[in-house]
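Heads up, the thing below is written out as structure tokens.
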Number of protein chains: 2
Amino acid sequence: MSADRLSWKDVRDRIRDQILQRAYAPGDKLPRDADIAQEFGCARSTVQRAMQDLSDSGLIERKRKGGTHVRADPVTRATLDIPITRLEVEETGSVYGYQLIDRQVLPVPREIAAKLEQVEAKSMLRVQALHLADHKPHILEDRWVSIETAPEILDVDLSRESANEWLVRNKPYTRFDLRIYAIAADAQTARMLAAEPGDALLVIDRTTWVGADPITTVRSITIPGYQLLTKS
Amino acid sequence: MSADRLSWKDVRDRIRDQILQRAYAPGDKLPRDADIAQEFGCARSTVQRAMQDLSDSGLIERKRKGGTHVRADPVTRATLDIPITRLEVEETGSVYGYQLIDRQVLPVPREIAAKLEQVEAKSMLRVQALHLADHKPHILEDRWVSIETAPEILDVDLSRESANEWLVRNKPYTRFDLRIYAIAADAQTARMLAAEPGDALLVIDRTTWVGADPITTVRSITIPGYQLLTKS
DNA sequence: TCCTTGAATATGTAGCTACATAAAGCTAAT
DNA sequence: ATTAGCTTTATGTAGCTACATATTCAAGGA
């Protein structure tokens, strides 16, 4: 980037600095984009891009005609990336392993249908599997897959390829729901994860849809000590 | 928006649909922006904005000269908003309450200094407090605040205003670290949260800096059953 | 006083041009 | 062969203009 022109990131950083240094306090109104552009000697479109970025990151709020204000109640906004489990394991330098525990077509319990936002509960494919890191348990997944939306899953050899990987590669979704919580390990879960019953385990529930059609819902139970990290 | 022109969101949606419908499979190369623009009858800048958005959301990857490819290993990318605890409680329609448990200037334990990426461990302000929802415990926070970076905190009446709220309003940060994990409640924590010892609790650790200077690190322990939700 | 209506205004978006930059690929010299 | 540079090319960015859209604000009428 040439030094004689301001990039929108430069503009963003300068505005952010002004806010951090309290030139503008929470709730304060910032000048119009056009005025800032003139002050900085750049085009309004450059200021616009900078402002959009600050708005996306939660620092300011913009409204047509209302102008731009520093958010009174800033939020901490982070990005959470959940990759394919195999990649997550391999990125730490560990050897990835995978083990199918069970695979059955079963009638769908009510709470699973509710998660999928389905009224009528048909049969779905239930897959339980274990992801391993360095030959030790890492994540236990309990999954239901819609055989209406993803009938091809029935032909996949799930003892070789994980449903996680197959779905992510073959059934892109348009919408998803993520929730994260903690549970205490019951006897069976503890056994499968090589943990102690009563251990606190982080759980990640994920449900995906294409349009209004449900694809899958998974409950991923992690081993004791597992941490979710975010990118800022 | 006028119907006779394509907005960049229209373009984005059409490209996304093409990818979802497997016109382009994972790993495939998409046409150049200019060609897509011509095909759609819009400007390259419009395609550029659409592509940027798809790139941000993790569906495609772009490289100068290399072109645009559908990501071979899609990630689930979610946005996590962590508001001020008071607002989080009030948004559910509950009555917010706050209770200071302890406030002391103490030498910093090694593991806290490490979290803050500090070598020399000076004294910091330690604040323990309880956030209440409808007069019942909601989140227990255990916080260390740097009195070098935020000396004003010593003059704040933390029995009235939570350190959470004061800091977020008065000490904006430039960088933060978030980690989420599960712990089993020990006797003391259980008592303060009105939980049972051994209950699995979701914990959110957050550390913030301005530049290289640490501001604060908090461990927020939630009540049993607490769920973190994300926006897609 | 209240409500409707219309004007004013700040941000949002689309299109165009020109140039910057990174990376891939080619060429030529060693 | 191997490498050092040069060229090509697709994306990235800045500037400009024109217009769209959402709100606010003020004026006017019941």
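Note that these values count all heavy atoms, side chains included, but never hydrogens, waters or copies made by symmetry. In what follows, chains carry the letters A, B, and so on, assigned in the order in which the sequence lines appear, proteins first and then strands, with residues in each chain numbered from 1.
Sorted by first and then second residue, the side chain to side chain donor-acceptor pair (under 3.5 Å) pairs with a member in residues 17-35 of chain A read A/D33-A/R62; sequence neighbours excluded. Sorted by first and then second residue, the ring-ring contact (aromatic ring centres under 6.0 Å, His included) pairs involving residues 156-175 of chain A (not counting sequence neighbours) are A/Y173-A/F176.
In this structure, the CG atom of A/L6 is 7 Å from the P atom of D/dG15, given to the nearest Å. Between the CZ atom of B/R44 and the P atom of D/dA10 there is a distance of 11 Å, rounded to whole Å. Regarding B/D10, its CG atom lies at a distance of 11 Å from the C1' atom of C/dT13, rounded to whole Å.
DNA chain D is contacted by A/C42 of residues 25-42 of chain A, taking any non-hydrogen atom closer than 4.0 Å. Near-neighbour residues of DNA chain D inside residues 50-73 of chain A, defined by a heavy atom below 4.0 Å, number-ordered: A/K63, A/R64, A/K65.
Put simply, A/Q48 has no side-chain N or O that comes within less than 4.0 Å of OP1 or OP2 on C/dT11.
Under the side chain to side chain donor-acceptor pair (under 3.5 Å) criterion, B/T217 pairs with B/T207, sequence neighbours left out. With sequence neighbours excluded, the residues satisfying salt bridge (charged side-chain N to carboxylate O under 4.0 Å, His left out) with A/E117 are A/R175. Qualifying ring-ring contact (aromatic ring centres under 6.0 Å, His included) partners for A/Y96, counting only residues two or more places apart in sequence or in other chains: A/H131. For B/E165, the salt bridge (charged side-chain N to carboxylate O under 4.0 Å, His left out) partners two or more places apart in sequence, or in a different chain, are B/R86, B/R169. For B/E61, there are no salt bridge (charged side-chain N to carboxylate O under 4.0 Å, His left out) partners, not counting sequence neighbours.
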Do A/Q52 and A/Q48 pass the side-chain contact (heavy atoms from CB on, under 4.5 Å) test, and can you show the C-alpha distance, the side-chain angles, and the key distance before you say yes or no? CA-CA 6 Å; A/Q52 267 304 334; A/Q48 158 77 14; 3.7 Å; yes
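Distances from the side chain of A/A43 to the nucleotides C/dG15, C/dA14, D/dC16 place D/dC16 closest. You'll find that the side chain of B/R49 is closest to C/dA14, out of D/dC16, D/dT11, C/dA14. Checked against C/dA14, D/dG15, C/dT13, the side chain of A/T46 finds its nearest nucleotide in D/dG15.
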